[in-house]
Every structure is written in C-alpha cells, then in structure tokens.
Amino acid sequence: AYFARNPLGFAYQLPYTLTTTFKGHSQPVHSVCVDPHHGVVMTGSLDNSLKVWDTSTSKCTRSIRAHNLGYVKAMCSHEGRLVTASAGGSLKMWLPAEDWACVEPAEMHDGAINAIQLLTDKSGGGGGGGGERGVSFKVFTVGDDKTVKVRSSTVCPQLLALNCSPSTAHPSLFALN
C-alpha cells in the first residue's frame, strides 16, 4: 500500500487497486508508455525488446528488437508516435499506424539516454501538422553525459506513405538539426 499525507498532515492510503499485470519480458522492465491513440501499452526491457500490449486484452501483440546499442531505457508517446531511447545513447521513432515503421536518427548522447520528451513544433519549420515539408518536432533528451539536449527534427511526409516492416530503418527520412 502507498501512504501519502494530506494538507493537514494525516496519513491516508491512496486508493490504488491492481487491475492488470503484463508478463512476457525475459529481463527486468525499465520503461513503460501508454498510447491512448492506439489503445496500447509499450514496455522496454533489458532483454532489448519493445513489447506492445493491447489494453483491452492485456496480451502482447508485437515484440520488436528495438535498439542495437543497449536496451530501451526511456520512451514517450506523442500524437500517435512513439520515441524510444537506448542505454547506448540512440533514438528511434516508431509509427504504430504504419505497421510500426521505424525511423532511426543519429546518436544523441555519449552514454545512456535516461529520459525523453517529444513536442510538436508549431513555430513554423515544418508546419507542425504535416504537409510538403514534413512534421517538425522538438526532441528533449536527458543523458548520462550530464546534459539535456533539445533538438529540432522533421519527419518527411514520404515516411507516412511507407508500408515497411518494423525492422526496416529509414535514416534519411528523419533529420536532426
């Protein structure tokens, strides 16, 4: 049970009830992310896999070898896109609506990426919503190299038309500035 204190200082138990357990990784799980757009939960583990779980059935619907350099240490979901960060310092963007097509940019940090956040860049650049120049994002990462990095990125519109397997990476379609 988890206990917290209210403003008057009295301890009380928070009303959490275990409703679901996702089992299937062979090593400890280090990251989790919920994607309400697709009704899935994604988990990353030391077994170097990204697992996708259907929230209505609690069953694993896909298991993907996520990163060549280290395990999935952090992930976030934003507007139907998932970004995973590895203990080896690399990022990948996954597109669930496109059969989990993968976009793999350059390395981001010297060492592990511990946290990541992705925001649509509505300041101009690629327009934020798509179109000819692509979709622009700001990618925020926190690394073992004692830095927080903010990079602009653009996913080219051609990627959205691809029908490829999740194991296929498309480095030329994801540009980091």
Side-chain angles (χ1 to χ4, degrees), residues 1-4 12-105 108 112-122 128-130 134-142 153-155 157 159-170 173-174:
Y2 180 77
F3 290 89
Y12 62 95
Q13 186 174 354
L14 295 177
Y16 293 129
T17 302
L18 178 65
T19 59
T20 306
T21 300
F22 299 100
K23 290 185 180 181
H25 285 287
S26 62
Q27 295 289 319
V29 177
H30 278 261
S31 55
V32 64
C33 186
V34 177
D35 182 348
H37 292 288
H38 298 98
V40 296
V41 172
M42 288 108 11
T43 56
S45 166
L46 280 176
D47 63 14
N48 201 24
S49 71
L50 166 66
K51 291 196 183 289
V52 181
W53 309 86
D54 183 304
T55 56
S56 63
T57 64
S58 303
K59 297 208 183 299
C60 181
T61 59
R62 189 173 298 254
S63 184
I64 302 168
R65 186 170 195 274
H67 288 270
N68 292 330
L69 296 172
Y71 60 93
V72 177
K73 187 161 184 179
M75 63 176 74
C76 72
S77 176
H78 180 69
E79 294 185 359
R81 294 163 183 86
L82 172 71
V83 176
T84 57
S86 79
S90 66
L91 283 177
K92 286 188 180 181
M93 180 182 289
W94 306 87
L95 301 173
E98 301 297 325
D99 195 30
W100 292 89
C102 173
V103 187
E104 187 171 9
M108 293 289 288
I113 297 174
N114 299 315
I116 182 168
Q117 188 63 46
L118 182 70
L119 295 174
T120 303
D121 184 1
K122 304 205 187 253
V135 179
S136 293
F137 297 95
K138 293 283 186 188
V139 180
F140 298 77
T141 57
V142 177
S153 63
T154 302
V155 176
L159 179 64
L160 302 177
L162 291 175
N163 188 8
C164 58
S165 71
S167 61
T168 306
H170 305 281
L173 299 178
F174 186 82

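In what follows, every heavy atom counts, from backbone to side chain, and hydrogens, waters and symmetry copies are set aside.
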For the student: nearest non-hydrogen atoms of [X] and [Y], plus distance:
X      : Y      : result
Lys92  : Ala66  : NZ-O, 2.6 Å
Met75  : Gly44  : CE-N, 3.4 Å
Ser77  : Val34  : CB-O, 3.9 Å
Asn114 : Ala74  : O-CB, 3.6 Å
Ala85  : Ile113 : CB-CG2, 3.4 Å

For this session: Starting from the C-alpha separation in whole Å, work towards a yes-or-no answer on side chain to side chain contact (heavy atoms under 4.5 Å, CB included) for Leu91 and Ile116.
Result: CA-CA 9 Å; Leu91 283 177; Ile116 182 168; 3.1 Å; yes
Exercise. Taking atom types as modelled, is there a side-chain donor on Ser45 or Ser49 under 3.5 Å from an acceptor on the other?
Worked result: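 There is no such pair (donor and acceptor under 3.5 Å, judged by atom type) between the side chains of Ser45 and Ser49.
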Exercise. By side-chain hydrogen bond (donor to acceptor under 3.5 Å, both in side chains), which residues pair with Ser58, not counting sequence neighbours?
Worked result: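 For Ser58, no residue satisfies side-chain hydrogen bond (donor to acceptor under 3.5 Å, both in side chains) once neighbours in sequence are set aside.
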Exercise. Of all residues at least two apart in sequence or in a different chain, which pass the side-chain hydrogen bond (donor to acceptor under 3.5 Å, both in side chains) check with His30?
Worked result: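 His30 satisfies side-chain hydrogen bond (donor to acceptor under 3.5 Å, both in side chains) with no residue once adjacent residues are dropped.
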Are [X] and [Y] packed together at the side-chain level, in the sense that at least one heavy-atom pair is separated by less than 4.5 angstrom?
X     : Y     : value
Arg62 : Asp99 : yes
Val41 : Thr20 : no
Trp94 : Ile64 : yes

Out of curiosity, [X] [atom1] to [Y] [atom2], how far, rounded to the nearest 0.5 Å?
X      : Y      : atom1 : atom2 : value
Tyr71  : Thr84  : OH    : OG1   : 13.0 Å
Trp100 : Met42  : CH2   : CE    : 5.0 Å
Lys138 : Leu118 : NZ    : CG    : 12.0 Å

Problem set entry | Residue of the set Gln27, Arg65, His25 for which side chain to side chain donor-acceptor pair (under 3.5 Å) holds with Asp47 |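 Filter result, single survivor: His25.
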Exercise. Per the side-chain contact (heavy atoms from CB on, under 4.5 Å) rule, which among Val40, Val29, Thr43 passes with Lys51?
Worked result: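 Going through the options one by one, the only one that passes is Thr43.
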